[in-house]
Amino acid sequence: MNRKILALSGILSALFLNMAETKPNRIASGIDQDSFDFLGPWVYLLLAAWVMVMTLSFYKGKQKETFTLITGILVPISLLLGVFYFPGKGYLSGASPRISLSIGFYTQLLLFYLLVSGIELPKRNLRWILPAFLFVLAAGLFLMAMTGYLKNYSLMKEYLVKRSQFFTHLGTHAVLSIGSTVSAALMAIPLGYLAYRRSSLEGRIMVPLSIIETIPSLSLFGLLLVPLSTLGGIGLFRAIGVSGIGWAPAYVALTLYALLPIARNTLAGFEALEPAVIDAAQGMGMTRSEILRRVELPLALPVVFTGIRIALVQTIGGAVLAGLVGGGGLGSFVFLGLAEASQDLVLLGVIPIVVITVLVDGGLKILEDMYRRSVYD
């Protein structure tokens with residue numbers, strides 16, 4: 001995204017969007033707090049950061065990316081300082097006062113993410129800057145939470161009330177996401193390889209997988225209701241909890257949705273292989289299975305791994321819908337919050353999903369790049 005547009009959006013959202021809302025209790029209407037109320041003097045640091053990003057967008061020097069990253073880091077720093085600064089302002093009243101972060105706060109975080117995700121540092125040894133900063137930022141928030149400084153924030157109150165449920169649903173979400181992706185990979189990789197080996201089967205394999213991808217989630221849950229309910233009547237399946245609702249339809253649906261990206265990338269990875277490499281392996285006397293294990297699969301694996309990464313990230317987000325059919329996961333908080341008209345309860349489910357998705361995507365990208373370098377260098 002154009003950095004001038006990002007910077008302008010950051011300035012306008014800081015000036016015109018509310019950063020927080022103070023309420024005397026959970027259900028009462030609140031008082032909106034703009035950037036100047038919420039951040040106090042730190043609002044000028046936030047505005048200065050976006051002005052500098054705008055200025056650097058016209059800069060042509062070699063250190064442009066490094067300077068932009070350092071400047072962009074001032075955005076979450078100013079927000080964190082505002083979180084630290086605001087509770088002492090005396091705005092809070094009532095028996096159970098709450099501070100709810102508003103659209104302006106989350107817009108700033110989104111713009112910061114869009115900014116840093118597009119930065120390519122010129123020197124590899126500088127790439128530690130952003131991970132190190134994010135670690136320090138997370139440590140700062142954790143310290144503030146542990147010391148009780150965030151006790152008046154509505155999101156923290158929701159977490160404390162549902163702490164035991166939170167970790168149970170987090171574990172369920174992880175099992176659904178990872179398990180369904182692994183199951184999909186075990187089916188999709190052979191299907192992708194079969195489509196590569198026999199081009200006449202490509203359409204018969206990829207078209208059905210593409211059709212599955214177009215089926216809306218709720219419709220797919222409805223289609224799975226009858227067969228899974230029938231299976232649930234059989235002893236073994238009944239023992240592991242298979243039924244028309246619960247974890248089973250969510251697991252099956254997530255697995256089906258993950259098939260296409262993995263199979264498509266598997267096919268693309270094998271099709272990208274140079275024929276000369278295969279001919280050289282055959283000239284060395286390798287058998288078909290040896291060529292697959294020692295030549296084709298290692299060279300195609302980076303592309304296959306990309307498909308698995310895409311499927312896992314997609315599945316982490318898609319697992320929210322498990323909460324709709326009683327399958328657990330962080331989506332349970334989302335739908336409960338919607339039913340109770342509680343924005344912060346929704347965010348208790350959404351924010352961890354966003355954070356986990358970004359971390360998983362970034363971590364797998366690093367592993368993917370490391371493997372590519374080890375194979376092609």
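In this chain, numbering begins with 1 at the start of the sequence shown. Only heavy atoms go into these numbers, but all of them, side chains included; no hydrogens, no water, no symmetry mates. None of these values were measured; they are calculated from a predicted model.
Formation of a donor-acceptor pair under 3.5 Å by the Asn2 side chain with backbone atoms of Lys4 is found in this model. At distances below 3.5 Å, at least one donor-acceptor pair connects side-chain atoms of Tyr251 with backbone N or O atoms of Gly179. Side chain of Tyr153 to main chain of Val83: a donor-acceptor pair is present (N/O by atom type, distance under 3.5 Å, no hydrogens or angles). Counting only distance, with no hydrogens or angles, the side chain of Thr168 and the backbone of Ser164 share a donor-acceptor pair below 3.5 Å. Between the side chain of Glu158 and the backbone N or O of Val346 there is no donor-acceptor pair closer than 3.5 Å.
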Result block: side-chain N/O donor-acceptor pairs under 3.5 angstrom for residues 194-211, not counting sequence neighbours:
| unit_1 | atom_1 | unit_2 | atom_2 | d |
| --- | --- | --- | --- | --- |
| Tyr196 | OH | Glu296 | OE2 | 3.2 |
| Ser210 | OG | Met206 | O | 2.9 |

Could you list the donor-acceptor pairs under 3.5 angstrom formed between side-chain atoms of residues 258-278 and any protein atom two or more places apart in sequence or on another chain?
| unit_1 | atom_1 | unit_2 | atom_2 | d |
| --- | --- | --- | --- | --- |
| Asn265 | ND2 | Val303 | O | 3.0 |
| Thr266 | OG1 | Ile262 | O | 2.7 |

Quiz: residues 109-117 side-chain donor-acceptor pairs under 3.5 angstrom, not counting sequence neighbours:
| unit_1 | atom_1 | unit_2 | atom_2 | d |
| --- | --- | --- | --- | --- |
| Ser117 | OG | Tyr113 | O | 2.9 |
| Ser117 | OG | Leu114 | O | 3.1 |

Walk me through whether Leu364 and Leu312 qualify under side chain to side chain contact (heavy atoms under 4.5 Å, CB included). CA-CA 10 Å; Leu364 293 181; Leu312 180 56; 3.9 Å; yes

Does Asp34 form a side chain to side chain contact (heavy atoms under 4.5 Å, CB included) with Phe16? I'd like the steps, not just the answer. CA-CA 7 Å; Asp34 61 22; Phe16 298 109; over 6 Å; no

Assess the residue pair Tyr44 and Ser78 against the criterion (side chain to side chain donor-acceptor pair (under 3.5 Å)); give the C-alpha distance rounded to whole Å, side-chain angles, the decisive distance to 0.1 Å, and a yes or no. CA-CA 9 Å; Tyr44 300 106; Ser78 61; over 6 Å; no

Would you check, one step at a time, whether the test side chain to side chain contact (heavy atoms under 4.5 Å, CB included) holds for Ile291 with Thr287? CA-CA 6 Å; Ile291 293 175; Thr287 63; over 6 Å; no

Stepwise side chain to side chain contact (heavy atoms under 4.5 Å, CB included) test for Met286 and Arg294: CA-CA 9 Å; Met286 289 187 182; Arg294 299 172 62 180; 4.1 Å; yes

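In this structure, CG in Leu46 is found 11.0 Å from CZ in Phe38, a value given to the nearest 0.5 Å. Remark: Gln282 CD to Met284 CE distance equals 12.0 Å, nearest 0.5 Å. Remark: Gln108 CD to Ser13 OG distance equals 3.5 Å, nearest 0.5 Å. To the nearest 0.5 Å, atom CD1 of residue Ile316 and atom OG of residue Ser177 are 5.0 Å apart. Rounding to the nearest 0.5 Å places CG of Leu155 at 9.0 Å from CG of Leu150. In this structure, the separation between CG on Leu74 and CE on Met52 is 5.0 Å, given to the nearest 0.5 Å.
Between Val360 and Arg309, the closest side-chain pair of non-hydrogen atoms is not below 4.5 Å.
Ser57 and Arg3 are not linked by any side-chain donor-acceptor pair at a separation below 3.5 angstrom, with hydrogens and angles left out of the test. A side-chain donor from one of Thr306 and Glu368 sits under 3.5 Å from a side-chain acceptor of the other.
Of all non-hydrogen atoms in His173 and Val320, the two that sit nearest each other are CE1-N, 3.8 Å. Across Leu224 and Pro249, no two heavy atoms sit closer than the pair CD1-O, 3.7 Å. Scanning both residues, Ser229 and Leu225, for their nearest heavy atoms gives OG-O, 2.6 Å. Closest heavy-atom contact between Phe221 and Ala250: CE2-CA, 3.9 Å. The nearest pair of heavy atoms linking Arg98 to Ser154 is NH1-OG, 2.7 Å. Across all non-hydrogen atoms, the minimal contact from Ala49 to Thr71 is O-CG2, 3.3 Å.
No chain of hydrophobic side-chain contacts below 4.5 Å, direct or via other Ile, Leu, Val, Met, Phe, Trp or Tyr residues, connects Leu359 to Val136. Each of Val355 and Phe135 belongs to its own hydrophobic cluster when Ile, Leu, Val, Met, Phe, Trp and Tyr are linked at side-chain heavy-atom distances under 4.5 angstrom. Follow the hydrophobic side-chain contacts under 4.5 Å out from Tyr106 and you never reach Leu17; the two are in separate clusters. Hydrophobic clustering (side-chain heavy atoms under 4.5 Å, transitive across Ile, Leu, Val, Met, Phe, Trp, Tyr) groups Phe105 together with Ile73. Note: the hydrophobic cluster containing Leu45 also contains Leu141 (ILVMFWY, side chain heavy atoms under 4.5 Å, direct or indirect links).
Among residue pairs with one or both ends in residues 333-356, those qualifying as salt bridge (Lys or Arg N to Asp or Glu O under 4.0 Å) are Arg26-Glu340; sequence neighbours excluded. Judged as a salt bridge (Lys or Arg N to Asp or Glu O under 4.0 Å), not a single pair has a partner in residues 159-185 (not counting sequence neighbours). The stretch residues 296-350 participates, sequence neighbours left out, in these ring pair (Phe, Tyr, Trp, His ring centres under 6.0 Å) pairs: His169-Phe333.
Tyr257 is linked by a side chain to side chain donor-acceptor pair (under 3.5 Å) to nothing, counting only residues two or more places apart in sequence or in another chain. Among residues two or more places apart in sequence or in another chain, the side chain to side chain donor-acceptor pair (under 3.5 Å) test is passed with Ser102 by none. Checked against side chain to side chain donor-acceptor pair (under 3.5 Å), Glu21 has no partners two or more places apart in sequence or in another chain. For Thr255, the side chain to side chain donor-acceptor pair (under 3.5 Å) test picks out no residue, with sequence neighbours left out.
Residue Tyr59 belongs to a hydrophobic cluster whose other members are Leu56, Phe67, with links defined by side-chain heavy atoms closer than 4.5 Å. Through side-chain heavy atoms spaced under 4.5 Å, either directly or across other Ile, Leu, Val, Met, Phe, Trp or Tyr residues, Val161 is tied to no other residue.
Environment of CD1 in Ile356: crowded, with over 12 heavy atoms of neighbouring residues, nucleotides or ligands closer than 6.0 Å. The local environment of CH2 in Trp247 is crowded, with over 12 non-hydrogen atoms from other residues, nucleotides or ligands closer than 6.0 Å. Around CD1 of Ile103, the count of heavy atoms belonging to other residues, nucleotides or ligands within 6.0 Å does not exceed 12.
Salt bridge absent: Lys365 and Asp369 never bring a charged side-chain N and a carboxylate O closer than 4.0 Å.
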